[in-house]
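Working notes for the structure below.
Just the heavy atoms: all of them, side chains too, but no hydrogens, waters or symmetry mates, feed the values below. For clarity, every value in this text was computed on a predicted model and none was experimentally measured.
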Amino acid sequence: MSEILLQATGLRKSFVQGENRVEVLRGVNLTANRGKMAAIVGASGSGKTTLLQILGTLDSPDGGELLFDGRSLLACGENELSRHRNVNIGFIFQFHHLLAEFTALENVMLPGRIGRCPEGKLVKKAKDLLAVVGLAHRLHHRPGALSGGEQQRVALARALVLEPQLLLADEPTGNLDQESGNGVFSLLHELSGSMGLCVIMVTHNIKLADLMDKKYSLIDGKLQ
């Protein structure tokens with residue numbers, strides 16, 4: 001098995017604004033390995049989120065190649081990509097996007113219920129993950145009764161409940177105070193090693209980025 005899980009080569013993306021075409025990505029190359037963390041930093045509006053969406057197949061590039069475990073994702077149909085996202089990728093964002101009417105446990109279980117996983121196995125997996133992120137005592141609390149850091153840890157457990165190989169994180173600590181943000185990052189770092197999880201994180205926090213295995217800077221549409 002290759003250490004390389006995700007490989008992007010020459011990714012290009014542009015958008016039309018009025019009469020102008022704006023090039024956001026101009027030949028991006030990236031390699032991400034199993035069990036490792038990679039940071040993507042850059043100025044606001046530089047295209048970091050656009051790149052993350054393409055890596056997660058939520059958007060398509062105008063050109064280039066994207067390989068997951070050696071297989072071309074750009075050659076896949078939408079049904080195949082939908083299954084790929086569900087099975088192989090977890091997503092976590094700056095805002096937790098938890099459902100207010102559901103408990104922590106129910107929120108974590110949601111992807112598995114959508115995927116029609118066996119209920120008993122799903123309940124155990126969700127409880128185990130909430131224990132891993134330090135929330136075994138908060139299973140039946142709704143998001144409104146949780147702190148910001150706790151909400152983001154629930155979102156992290158939800159992203160991992162289907163045991164993805166890749167976790168894409170878009171500013172997961174950006175909406176948290178320093179202590180809570182450091183706690184979420186420490187969890188990500190620990191899980192990357194213990195689960196063999198490949199993590200790609202977009203962040204403005206240079207101190208956190210410097211702690212990761214690899215740091216990319218997105219400048220003028222290219223990673224450096």
Pair [X], [Y]: side-chain N/O donor-acceptor within cut-off below 3.5 Å:
X	Y	result
N205	T173	no
R142	T103	no
N29	T9	no
S72	E65	yes

Min side-chain heavy-atom separation [X]-[Y] under 4.5 Å:
X	Y	result
D213	N33	no
V41	V202	no
R85	P164	no
S192	M37	yes
N107	P143	yes
P111	R158	yes
V132	L191	yes
L188	M212	no

### Message
Given 3.5 Å as the limit, does a donor-acceptor pair link the side chain of R26 with the main chain of L11, or not?
### Response
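Absent.
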### Query
With no hydrogens and no angle check, is any side-chain donor or acceptor of S46 less than 3.5 Å from a backbone partner on A43?
yes
Quick check for you: to the nearest 0.5 Å, what is the distance between [X] atom [atom1] and [Y] atom [atom2]?
X	Y	atom1	atom2	value
R34	C198	CZ	SG	8.5 Å
L6	L66	CG	CG	5.0 Å
L129	E163	CG	CD	8.0 Å
F185	M201	CZ	CE	6.0 Å

### Task
Please report the shortest heavy-atom distance between V161 and V108, naming the atom on each side.
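Closest pair (atom of V161, atom of V108, distance): CG1-O, 3.4 Å.
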[X] atom [atom1], neighbour heavy-atom count above 12 within 6.0 Å:
X	atom1	answer
K13	NZ	yes
R83	CZ	no
K215	NZ	yes
E179	CD	no
K222	NZ	no
Q178	CD	no

#### Entry: Full working for side chain to side chain donor-acceptor pair (under 3.5 Å) between N79 and S82
CA-CA 5 Å; N79 288 341; S82 179; over 6 Å; no
### Task
Kindly determine whether E119 and R113 satisfy salt bridge (charged side-chain N to carboxylate O under 4.0 Å, His left out), including the steps that lead there.
CA-CA 8 Å; E119 188 77 2; R113 282 179 166 167; 2.6 Å; yes
### Query
Step by step, would you call D59 with T50 a side chain to side chain donor-acceptor pair (under 3.5 Å)?
CA-CA 8 Å; D59 196 2; T50 297; 5.8 Å; no
### Query
Taking NZ, NE, NH1 and NH2 as the nitrogens, is one of them in R138 or E150 under 4.0 Å from a carboxylate oxygen of the other?
yes
### Message
Using the rule that Ile, Leu, Val, Met, Phe, Trp and Tyr join whenever any side-chain heavy atoms are under 4.5 Å apart, tell me whether M195 and V154 fall into a single cluster.
### Response
yes
